[in-house]
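The sequence lines fix the lettering, A, B, ..., with proteins before strands; numbering per chain opens at 1. Worth knowing before you read on, the calculation uses all heavy atoms, side chains too, and leaves out hydrogens, waters and symmetry mates.
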Amino acid sequence: MKITSNAFRANSRGALQDRNLQDALGNLKRGFQEKRRKAKARLPEFEELQDHAVAIKEHSLDHLDFYLERFEKEVTARGGKVHWCRDGAEARATILKLCKDVNAKRVVKAKSMIAEEIAINDYLEANGIEPCETDLGEYIIQLRHEPPSHIIGPAIHLKREQVADTFREQHSEFPDARKLDAARDLVDEARHIMRPRFLSADVGISGANLLVAETGSVVLLSNEGNIDLSRALPKTHIVVASIEKIVPTLSDANVILRLLSRSATGQEAAAYMSFLTGPRGADETDGPEAFHVLLLDNGRSDLLKGEFERILHCIRCGACLNHCPVYGVTGGHAYGAVYTGPMGAVLTPLLEGLEHAAPLPEASTFCGRCEEVCPMRIPLVGLLRNLRVRLLKKKPDGLATRRRLGVWLFFATRPSLYHGVARLLLRLAAPFGRGGALSVGPRAGGWGRRFPVQGGPTFQEMWRQREKAKRP
Amino acid sequence: MAPPRISVGLFVTCLVDLARPKVGLAAVRLLEAAGCDVVVPRAQTCCGQPAHNAGDRNGAAQLARQTIAAFEDVDYVVVPSGSCAAMLRRHYPEILAADASWSRRAKAFGGKVFELTAFLADVRDLADLPERPGPKGPRRIAYHDSCAGLRELGIRNAPRRLLEKIPDLGVAEIAEGEVCCGFGGAFCVKFPEISERLAADKCRAAEKAGATELAGGDLGCLLHLAGKLRAEGSNLRVRHVAEILAGLDDGPAIGEPVTGEPVTGEPDAGEKARG
């Protein structure tokens, strides 16, 4: 998608005024938060699993080349093929070529953030291939030509009535008078549309929650069963995965999976857990004839061994989004990027360039709730702060801030001068502050010209007087 | 035999110094009641969070060194703010980690820094609050847990335990109390609409808690919420928890118009200007 993160301020203002969005966000926050809390409480070893998972990720990233090559070897040994893609353009070209090789007209897609990152749908469409989303949320936003607003709930910004309206508008083959009030009605209608597409698709595309080096397996979670259909029915299956999804063994994968569903939806495990291991074997009754895995870098290897490596530990559970006060009132679209919320505010500037996402590292109160709920213990606040260090050095954005900080530091690092100036300023301010508030800034914090400062003596001044009075 | 007295350096915080000096007076009163000899080093200004959170590592390090040096001679450093205390206790050692000699000093310093209520309740195990000149009678106070205090220092029970020592005082819990109030330092200036919305949500939740007063341990959040409440014309009165614990809670609450004499005996510039 085209990044519009630099419009975050304007986007967020619009989001705050959007009644439907605000209603939808209210439900989402409470639901996800409560479910996660309960799921964590039911698993006494949750924190031990976290330590274990972090160690697995550290190890995997330390030996990324080794495990990715092992993964390729295992996929190849089982008759599949691995394609190494440096960036989105290479990934798109590879997918298109694979589709053209089998004369594909229609592709069914399972939900994948990497597919969003490389914007594969638009590309396939422009090249005469019909991409059909099969995850209900993805399908809805595809109909509405919107990007996903949440990692695990792409259409979570919408209310049921809005979805019903979209279906009435776009599904002209159904009678106008049909009932679409309940979620069940919507699911049934979408299923009606999707079934023939699954059966007629030439290629299935999915993402990957994890890649397992020892077996060459691709691990996928879903609650709708669409992933298995996209794998089992078309003759060709293509997995698009970023390189940091790799773990050494199946038991390593299991550690992360136990954290993932609980952190994401509060489930012990997702309804469907699929392990895609190569094409259909001679003794198997279903599965694709051709099995391809694209391993996408797209800037990630630049983050290895650096101050931002920890963001590569992210397992895309969405817990940081669900608990972020900012995301909770702006929703995902305001971020103007594929990845949103706290993890997106870190990852988007790193993948797309800080100049294309300058407001995102600042769009945090640093309340720290994101890191508290992150199953991988990613220090999101620290990473955002590191991005602010970069932002401050950048012209012209950082220049005004640098100047303001410079003036303030000049006084703050000279205590005597500082206390003298503070005393003077407050004396001057006192006549204006007797109403209980000083005028600062036009609109800060919603209190605008009512910053509650009275003026008068500083504490340091009072303290000096008290000390003086004590002396004989 | 009286327990041994200890020396405590009060890190006032720049907001208390400038915006609500009464919190400093209250902190001193409480610390003295807890058997501490209080000093207020003049070589302190701000903890450096504005620099640190704006990405100015150098500026933050300068202020960290200045603060550490100013408090070298005391047994403890006590701060009437969770976020500034977390800055001194947890972030100074990180900021100065690369500097061999200062790193050691920062770690030793960090170990003796405490947020005020945590210090009174956990370190000093304060049995009796100082005598209360302030209001008596039943009251219900909604307590706002500031994010840094709550998550970086784990402060939740200490202020409640202390408040409950006041006869007839009940602490009301704010629903979804762990959610940020939207202050966030420079955040409230850079993203005023988001900040305002979060403040409004917090104010509604505080009002629903069925209290007439709102207390907290961080002046940043309290100024922010008081500003929002006043802009809305709400009756909820906002005070720093130290003011209430010290019994210095009879004057105007945060953001209320000043009536009568200023806090010190000396007539302030406002009186003179008007006269």
- request: Before giving the answer on side chain to side chain contact (heavy atoms under 4.5 Å, CB included), spell out for A:Gln22 and B:Arg197 the whole-Å C-alpha distance, their side-chain angles and the decisive distance to 0.1 Å.
  value: CA-CA 11 Å; A:Gln22 292 303 322; B:Arg197 167 60 193 281; 2.7 Å; yes

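- Contacts from residues 363-373 of chain A to chain B, taken as heavy-atom pairs separated by less than 4.5 Å, involve A:Ala363, A:Ser364, A:Thr365, A:Phe366, A:Cys367, A:Gly368, A:Arg369, A:Glu372 in sequence order.
- The salt bridge (charged side-chain N to carboxylate O under 4.0 Å, His left out) search around A:Asp18 returns none, not counting sequence neighbours.
- A:Phe411 contributes atom CZ, which lies 14.5 Å from atom SG of B:Cys14 (distance to the nearest 0.5 angstrom).
- Neither the backbone nor the side chain of B:Ala148 comes within contact range of chain A; no heavy atom of the residue lies under 4.5 Å from a heavy atom of that chain.
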- prompt: Going through the checks in order, is the side chain to side chain contact (heavy atoms under 4.5 Å, CB included) test met by A:Phe8 and B:Ile194?
  reply: CA-CA 11 Å; A:Phe8 178 81; B:Ile194 300 173; 3.8 Å; yes

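- Of the two parts of B:Val28, only the side chain, counted from C-beta on, holds a non-hydrogen atom closer than 4.5 Å to a non-hydrogen atom of chain A.
- Checking B:Val40, B:Leu18, B:Thr45 one by one against A:Gln460, the side chain to side chain contact (heavy atoms under 4.5 Å, CB included) holds for a single residue, B:Val40.
- Across every non-hydrogen atom of B:Ala54 and A:Thr401, the tightest pair is CB-CG2, 4.5 Å.
- Counting only distance, with no hydrogens or angles, the side chain of A:His419 and the backbone of B:Ala43 share no donor-acceptor pair below 3.5 Å.
- When each of A:Val381, A:Val389, A:Leu425 is scored by its heavy-atom pairs under 4.5 Å with chain B, the top score falls to A:Val389.
- Heavy-atom distances place the side chain of A:Arg464, and not its backbone, under 4.5 Å from chain B.
- Against chain A, the residues from residues 86-94 of chain B that qualify, each with a non-hydrogen atom under 4.5 angstrom away, are B:His91 in number order.
- Chain A forms the most heavy-atom pairs under 4.5 Å with one residue out of B:Glu176, B:Gln44, B:His52, and that residue is B:His52.
- Interface check for chain A: of the options B:Asp201, B:Leu63, B:Val179, the most heavy-atom pairs under 4.5 Å are formed by B:Leu63.
- Both the backbone and the side chain of A:Thr413 come within contact range of chain B, each with at least one heavy atom under 4.5 Å from a heavy atom of that chain.
- For B:Arg57, the part lying near chain A is the side chain, with the backbone staying farther off; criterion is any non-hydrogen pair under 4.5 Å.
- By the neighbour-count criterion of 12 heavy atoms within 6.0 Å, atom NZ of A:Lys468 is sparsely surrounded, having that number or fewer from other residues, nucleotides or ligands.
- B:Gln66 places a side-chain N or O within donor-acceptor distance of the main-chain N or O of A:Ala412, the cut-off being under 3.5 Å.
- For residues 15-37 of chain A, the pairs satisfying ring pair (Phe, Tyr, Trp, His ring centres under 6.0 Å) are A:Phe32-A:His150, with sequence neighbours left out.
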message: Let's go through A:Arg9 and B:Phe191 carefully: what are the C-alpha distance in whole Å and the side-chain angles of both, what is the deciding distance for side chain to side chain contact (heavy atoms under 4.5 Å, CB included) to 0.1 Å, and is it a yes or a no?
response: CA-CA 7 Å; A:Arg9 281 185 182 81; B:Phe191 302 96; 3.7 Å; yes

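- Using a 4.5 Å cut-off between heavy atoms, A:Leu409 contacts chain B through its side chain alone, with no backbone atom that close.
- In this structure, chain B has a heavy atom under 4.5 Å from the backbone of A:Arg414, while its side chain stays farther away.
- A side-chain donor-acceptor contact under 3.5 Å links A:Arg385 and B:Asn53.
- Only one option out of B:Cys181, B:Cys180, B:Cys147 pairs with A:Pro325 in a side chain to side chain contact (heavy atoms under 4.5 Å, CB included); it is B:Cys180.
- The number of heavy atoms from other shown groups lying within 6.0 Å of CG (B:Asp250) is above 12.
- Under a 3.5 Å cut-off, the side chain of B:Asp17 and the backbone N or O of A:Phe459 do form a donor-acceptor pair.
- The contact between B:Leu10 and chain A is made entirely by side chain atoms (from C-beta outward), counting heavy-atom distances below 4.5 Å.
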task: For side chain to side chain contact (heavy atoms under 4.5 Å, CB included), just list the numbers for B:Arg42 and A:Trp463, CA-CA rounded to whole Å, side-chain angles, deciding distance to a tenth of an Å, and then say yes or no.
output: CA-CA 10 Å; B:Arg42 185 128 173 108; A:Trp463 180 256; over 6 Å; no

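- The minimum heavy-atom distance between A:Trp408 and B:Gly48, with the atom names listed, is CH2-CA, 4.3 Å.
- In this structure, no portion of B:Glu152 lies under 4.5 Å from any heavy atom of chain A.
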